Protein chains: 2
Amino acid sequence: MTTKSDGAGAPIGYDPSQFPAFAVTVDIVILTMSDGALHMLLVRRGEAPFKGMWAIPGGFKRPNETLHEAARRELAEETGVDVPTLLTQFGAYGDPGRDPRINVVTVAYLAVLRDVGTIVAGTDAADALLVPVGDVRSEKLDLAFDHLQIVRDAVDRARVELEVTGIATAFVGPTFTLAELRAVYEATWGVELDAANFRRSVVAEDGWVIPTGRRTQPGPAGGRPAELYRAGRAWKHGGPIHRLPRTTERN
Amino acid sequence: MTTKSDGAGAPIGYDPSQFPAFAVTVDIVILTMSDGALHMLLVRRGEAPFKGMWAIPGGFKRPNETLHEAARRELAEETGVDVPTLLTQFGAYGDPGRDPRINVVTVAYLAVLRDVGTIVAGTDAADALLVPVGDVRSEKLDLAFDHLQIVRDAVDRARVELEVTGIATAFVGPTFTLAELRAVYEATWGVELDAANFRRSVVAEDGWVIPTGRRTQPGPAGGRPAELYRAGRAWKHGGPIHRLPRTTERN
DNA sequence: ATGGTTCTGGTCGAAAAGACAAGAACTATT
DNA sequence: AATAGTTCTTGTCTTTTCGACCAGAACCAT
């Protein structure tokens with residue numbers, strides 16, 4: 001049994017055989033926009049348990065690295081992408097039996113990326129797949145372990161982050177139209193926003209987006225060419241809150 | 001080394017000797033209001049390392065319990081308090097060397113409680129102390145391990161929760177005045193709010209607080225007796241956002 | 001030219017935020 | 001008892017923001 005003699009936060013007078021041993025892993029949920037819908041990256045498991053099922057990329061934490069470094073390393077190893085700052089830790093999962101063989105506690109990270117092509121480049125493409133998040137959340141796609149719960153939490157967190165910080169610009173390219181940016185909000189929230197009001201709300205926030213002066217080519221259906229913007233400073237936690245305009249009934 | 005052959009989220013074909021072993025602990029930051037200021041509960045370490053220093057209560061996770069259960073159990077063991085729903089996980093910490101002896105990954109929880117008397121009752125009072133959070137954050141009080149960082153993150157999280165959910169009512173008693181509730185916001189945010197506007201903002205939010213019809217005894221300085229309220233439904237994550245009124249320049 | 005589509009800017013009413021004044025209900029002091 | 005000081009509550013006013021909707025601008029297709 002554990003020593004609870006002094007009530008301190010960490011074990012006292014322990015030796016390595018006195019506490020239950022756990023494996024610690026990190027899992028990374030990669031979100032990205034594709035075809036106007038929110039997608040995420042999955043990998044297929046090649047061995048038991050859950051052989052053949054889809055899972056979130058991840059792996060063991062090593063003793064000589066931080067959790068954040070482990071997540072960054074695993075992501076780089078499996079996808080070839082280096083995302084130093086965009087990794088956000090959003091939860092730890094340690095239910096007994098979540099891995100049928102050993103005791104595993106996993107720490108989950110969230111990354112929002114814009115370019116899908118460079119993501120799958122570094123890994124075996126046959127084992128990696130970009131799927132709509134909606135298919136995962138609606139259980140049209142079964143995930144290994146408790147990864148469904150992890151994905152749900154990841155999307156919830158992404159919504160909050162989207163509202164509080166400025167990571168929405170991480171979803172789009174280095175230069176983007178406000179319609180693309182609006183699509184990110186609409187896809188993650190499942191709502192429809194007024195284009196005019198969204199524009200004002202975004203532009204009014206000082207330094208959020210910076211106009212480049214250039215314009216896009218209109219789509220095949222025509223339409224007025226949209227102005228191109230680039231991302232301003234991306235706010236960290238604790239920055240001012242950016243509320244996105246709500247939409248109400250319309251007639 | 002770890003197998004990264006298939007790029008799946010958890011180890012494949014492993015056996016218990018194939019992955020680095022970690023101890024997993026849970027730490028609980030207990031926040032409460034006392035004398036109009038935000039306080040937190042600390043325990044004193046009786047043995048090395050960090051002997052004699054203050055630390056957050058916590059302890060080992062067991063293999064047959066969830067992280068949440070572990071936090072709840074450790075909190076009950078050390079403080080005699082049972083808080084089934086108010087425990088919020090807010091971070092995992094696993095930097096190498098954060099415990100000088102073994103590899104420890106800790107999962108941190110946040111609890112906001114109202115009644116201090118019942119908290120310290122269940123434990124050895126000599127080892128437990130309620131201190132102002134300000135003293136910890138300003139490093140007037142040294143904490144063991146990386147607990148200072150954990151406390152800082154806890155308060156940051158509490159502020160967000162306060163703004164997004166209705167847990168502010170968890171800080172105050174079962175029945176409270178709006179001035180007490182306002183003090184919670186002012187203490188955690190370090191701002192001053194207009195009493196009249198705060199009242200409206202809180203009462204307008206439907207079901208947030210419920211008037212009891214009774215009144216308080218005025219303080220020694222007199223003053224009009226305040227109406228007593230009790231907490232309405234406490235909103236969970238995903239509920240409507242309650243913005244607290246901002247205060248601007250005054251002259 | 002004409003109609004359809006998409007982005008941009010303008011306006012207008014409703015709602016909310018914030019400042020401030022005034023009243024209400026108490027205690028303490030003279 | 002009258003008065004002053006304190007604290008909570010209510011009222012009102014101005015300013016800002018939100019959300020809806022319309023009209024124009026700039027493109028495509030036929």
Side-chain angles (χ1 to χ4, degrees), chain A residues 35-36 163 172-173 175-187 189 191-206 208-230 240-251, chain B residues 35-36 163 172-173 175-187 189 191-206 208-230 240-251:
Chain A
D35 302 326
E163 211 184 7
V172 293
T175 167
F176 51 88
T177 71
L178 293 190
E180 288 170 359
L181 193 64
R182 180 164 48 90
V184 174
Y185 282 94
E186 291 180 335
W189 279 75
V191 295
E192 196 176 334
L193 301 177
D194 183 279
N197 292 337
F198 180 82
R199 149 175 297 276
R200 258 186 295 275
S201 147
V202 167
V203 173
E205 209 78 35
D206 197 45
W208 220 105
V209 293
I210 302 169
T212 64
R214 292 179 300 138
R215 292 161 182 277
T216 42
Q217 319 278 18
R224 174 174 176 172
E227 296 178 13
L228 276 174
Y229 290 83
R230 60 185 177 85
I241 290 186
H242 172 247
R243 298 182 61 210
L244 77 156
R246 284 168 294 189
T247 198
T248 60
E249 213 59 27
R250 194 179 301 205
N251 65 357
Chain B
D35 301 327
E163 209 183 7
V172 294
T175 167
F176 52 88
T177 70
L178 294 189
E180 289 170 0
L181 193 63
R182 180 163 48 90
V184 174
Y185 283 93
E186 292 179 335
W189 280 76
V191 296
E192 197 175 334
L193 301 176
D194 184 280
N197 294 334
F198 180 82
R199 149 175 295 275
R200 259 186 296 273
S201 148
V202 168
V203 173
E205 209 78 35
D206 197 45
W208 221 106
V209 294
I210 302 169
T212 65
R214 293 179 299 137
R215 292 161 182 277
T216 42
Q217 318 280 18
R224 175 173 174 172
E227 296 180 14
L228 276 175
Y229 291 82
R230 60 185 175 85
I241 290 186
H242 173 248
R243 298 180 61 207
L244 77 156
R246 284 168 294 190
T247 199
T248 60
E249 213 59 27
R250 195 178 300 203
N251 64 356

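Residue numbers begin at 1 in each chain, while the letters A, B, ... track the order of the sequences. Bear in mind that the values here come from a model prediction, so they are computed numbers and not experimental data.
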Asks: Round to a whole Å and report the spacing from CZ of A:F198 to P of C:dG9.
Replies: 15 Å

Asks: When the distance from CZ of B:R215 to P of D:dT9 is rounded to whole Å, what number comes out?
Replies: 7 Å

Asks: Closest to the B:R224 side chain: C:dG9, C:dA25, C:dC20?
Replies: C:dA25

Asks: Atom CG of B:D194 and atom P of C:dA21: how far apart are they, to the nearest Å?
Replies: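 Those two atoms, CG and P, are 12 Å apart.
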
Asks: In whole angstrom, what separates A:E186's CD from C:dT6's P?
Replies: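 Nearest whole value for this atom pair: 13 Å.
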
Asks: Within the structure shown, what part of the strands sits under 4.0 Å from B:A179 by heavy-atom distance: base, sugar-phosphate, or nothing?
Replies: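 Sugar-phosphate contact only - B:A179 comes under 4.0 Å of backbone atoms but never of a base.
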
Asks: Is any side-chain N or O of B:R200 under 3.5 Å from a base N or O of C:dG18, one able to act as donor and the other as acceptor?
Replies: no

Asks: Mind checking the OG1-CZ spacing from A:T216 to A:F176? Nearest 0.5 Å is all I need.
Replies: 12.5 Å

Asks: Once you round it to whole Å, what is the distance between P of C:dC20 and CG of B:L193?
Replies: 15 Å

Asks: What's the separation between atom CD1 in B:I210 and atom CG in B:L228, rounded to the nearest 0.5 Å?
Replies: 13.5 Å

Asks: Base, sugar-phosphate, or nothing: which does B:Q217 touch, judged by heavy atoms less than 4.0 Å apart?
Replies: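 Answer is nothing: B:Q217 stays at 4.0 Å or more from every strand.
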
Asks: I need the A:N197 CG to A:R200 CZ distance, nearest 0.5 Å.
Replies: 5.0 Å

Asks: Could you tell me how far apart A:N197 (CG) and C:dC12 (P) are, to the nearest whole angstrom?
Replies: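 Rounded to the whole Å, the gap is 15 Å.
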
Asks: Consider the side chain of B:A195, meaning its heavy atoms from C-beta on, and name the nucleotide among C:dG9, D:dT9, C:dT8 that approaches it most closely.
Replies: D:dT9

Asks: Nearest 0.5 Å, please: how far is OG1 in B:T177 from CZ in B:R199?
Replies: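 Output value for this atom pair is 9.5 Å.
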
Asks: Ignoring backbone atoms, test whether B:R199 places a side-chain nitrogen or oxygen under 4.0 Å from the OP1 or OP2 oxygen of D:dT10.
Replies: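 Yes, because at least one side-chain N or O of B:R199 sits under 4.0 Å from OP1 or OP2 of D:dT10.
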
Asks: Tell me the closest heavy-atom pair linking A:V203 and A:Y229, and the distance in Å.
Replies: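 Looking at all heavy atoms of both residues, the shortest contact is CG2-OH, 4.3 Å.
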
Asks: Given C:dT8, D:dC27, D:dT9, identify the nucleotide with an atom nearest to the side chain of A:P225.
Replies: D:dC27

Asks: Checking all strands, does A:A226 fall into the base, sugar-phosphate, or nothing category for heavy-atom contacts under 4.0 angstrom?
Replies: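 Answer is sugar-phosphate: A:A226 comes under 4.0 Å of backbone atoms only.
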
Asks: Is B:L178 close to B:E227 at the side-chain level, that is, under 4.5 Å between some pair of heavy atoms?
Replies: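 Contact flag for B:E227/B:L178 side chains = no.
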
Asks: Nearest whole Å is fine: how far is D:dT9 P from B:E227 CD?
Replies: 5 Å

Asks: Can you name the atoms? Protein N/O to nucleotides 28-30 of chain D N/O, anything below 3.5 Å, with the distance.
Replies:
| from | atom 1 | to | atom 2 | distance (Å) |
| --- | --- | --- | --- | --- |
| D:dC28 | O3' | A:P220 | O | 3.4 |

Asks: CG of A:L181 versus C1' of C:dC7: gap in Å, rounded?
Replies: 15 Å

Asks: If I take atom CZ from residue A:R214 and atom CZ from residue A:R230, how far apart are they, to the nearest 0.5 angstrom?
Replies: 10.0 Å

